[in-house]
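In this chain, numbering begins with 1 at the start of the sequence shown.
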Amino acid sequence: MAFRLTRAFQKVPAFPHARPLRVPHFFSPSASSEISPIHTKSIQFQTRNMSSAPAKREFLCILPDKPGAQAKRLEVRPKHLEGVKPNVASGFIVAGGAMLNAHPADGETPSFKGSMMLAVAENEAEVLELLNKDIYTTSGVWDMENAQIIPFKSAVREAL
């Protein structure tokens with residue numbers, strides 16, 4: 001009993017980069033001794049090359065304010081919030097906000113202690129580069145000498 005592929009099955013393979021499977025002569029004594037891999041799913045597995053992009057990691061950033069930086073913080077805050085938007089949109093910053101000395105009463109201006117940020121990056125140097133470009137650093141709000149960039153692993157992230 002001879003098996004021969006009909007014209008209908010001789011299509012272009014879905015994976016043109018895959019090599020055809022060699023079939024022993026007793027299975028297919030036809031003129032061709034090759035079967036396209038698309039028709040032999042149970043016989044041949046496809047492999048694909050995976051890029052080895054560096055893994056993204058989380059970093060908890062504790063960014064204290066310099067003493068007496070309250071007025072400067074309030075002055076540049078709109079520029080800071082605007083500058084952070086692209087980093088949030090790209091997933092570089094996944095959480096962030098102000099650290100307070102205490103929660104203010106309704107209508108009271110908060111007393112700021114610094115900032116907290118959760119960043120996702122390949123390494124600490126990438127996070128530090130972002131922080132050094134922020135207007136809070138360039139205008140003298142954040143005390144980068146006492147800042148902490150701590151390797152972190154989220155267990156839970158939930159919005160308010």
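A salt bridge does not link E82 to K79: none of the charged nitrogens lies less than 4.0 Å from a carboxylate oxygen. A salt bridge does not link D65 with K113: none of the charged nitrogens is closer than 4.0 Å to a carboxylate oxygen.
At least one side-chain heavy atom of R77 sits less than 4.5 Å from a side-chain heavy atom of L81. Contact of the I149 side chain with the L131 side chain is registered, since non-hydrogen atoms from C-beta on lie closer than 4.5 Å. Put simply, the side chain of L74 reaches to within 4.5 Å of the side chain of T109, judged on heavy atoms. Side chains of R57 and V120 form no contact here, defined as non-hydrogen atoms less than 4.5 Å apart. Residues W142 and P64 are not in side-chain contact: their nearest non-hydrogen atoms beyond the backbone lie 4.5 Å or more apart. A heavy-atom distance below 4.5 Å is not found between the side chains of K66 and V141. At least one side-chain heavy atom of L130 sits under 4.5 Å from a side-chain heavy atom of I93. F59 has its side chain out of reach of Q148: every pair of non-hydrogen atoms, C-beta onward, lies at least 4.5 Å apart.
Judged by distance alone, the side chain of S139 and the main-chain N or O of I135 form a donor-acceptor pair under 3.5 Å. In this structure, the side chain of R73 engages the main chain of G114 through a donor-acceptor pair within 3.5 Å.
Contact record, G140 with A69: O-CB, 4.3 Å, taken as the closest heavy-atom pair.
The distance from the CG atom of L100 to the CZ atom of F112 is 6.5 Å, given to the nearest 0.5 Å.
Contacts of S154 classified as side-chain contact (heavy atoms from CB on, under 4.5 Å), with partners at least two apart in sequence or in another chain: E58, L118, F152, R157.
Open room surrounds NZ on K133; 12 or fewer heavy atoms of other groups in view lie less than 6.0 Å from it.
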*side-chain contact (heavy atoms from CB on, under 4.5 Å) between F92 and E126: does it pass, once the steps are laid out?*
CA-CA 10 Å; F92 195 112; E126 194 176 337; 3.5 Å; yes
*Should L60 and M116 be marked as a side-chain contact (heavy atoms from CB on, under 4.5 Å) after you check the CA-CA gap, both sets of side-chain angles, and the distance that decides it?*
CA-CA 7 Å; L60 175 63; M116 163 273 167; 3.9 Å; yes
*Could you walk me through whether L63 and Y136 pass the side-chain contact (heavy atoms from CB on, under 4.5 Å) check?*
CA-CA 10 Å; L63 308 158; Y136 277 174; over 6 Å; no
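In this structure, V94 is a member of the same hydrophobic cluster as I150, with clusters built from ILVMFWY side-chain heavy atoms closer than 4.5 Å. Cluster annotation: V84 and L128 are assigned to the same hydrophobic cluster (Ile/Leu/Val/Met/Phe/Trp/Tyr, side-chain heavy-atom contacts under 4.5 Å, transitive). Using a 4.5 Å cut-off between side-chain heavy atoms of Ile, Leu, Val, Met, Phe, Trp and Tyr, with links allowed through other members, V127 and M144 fall into the same hydrophobic cluster.
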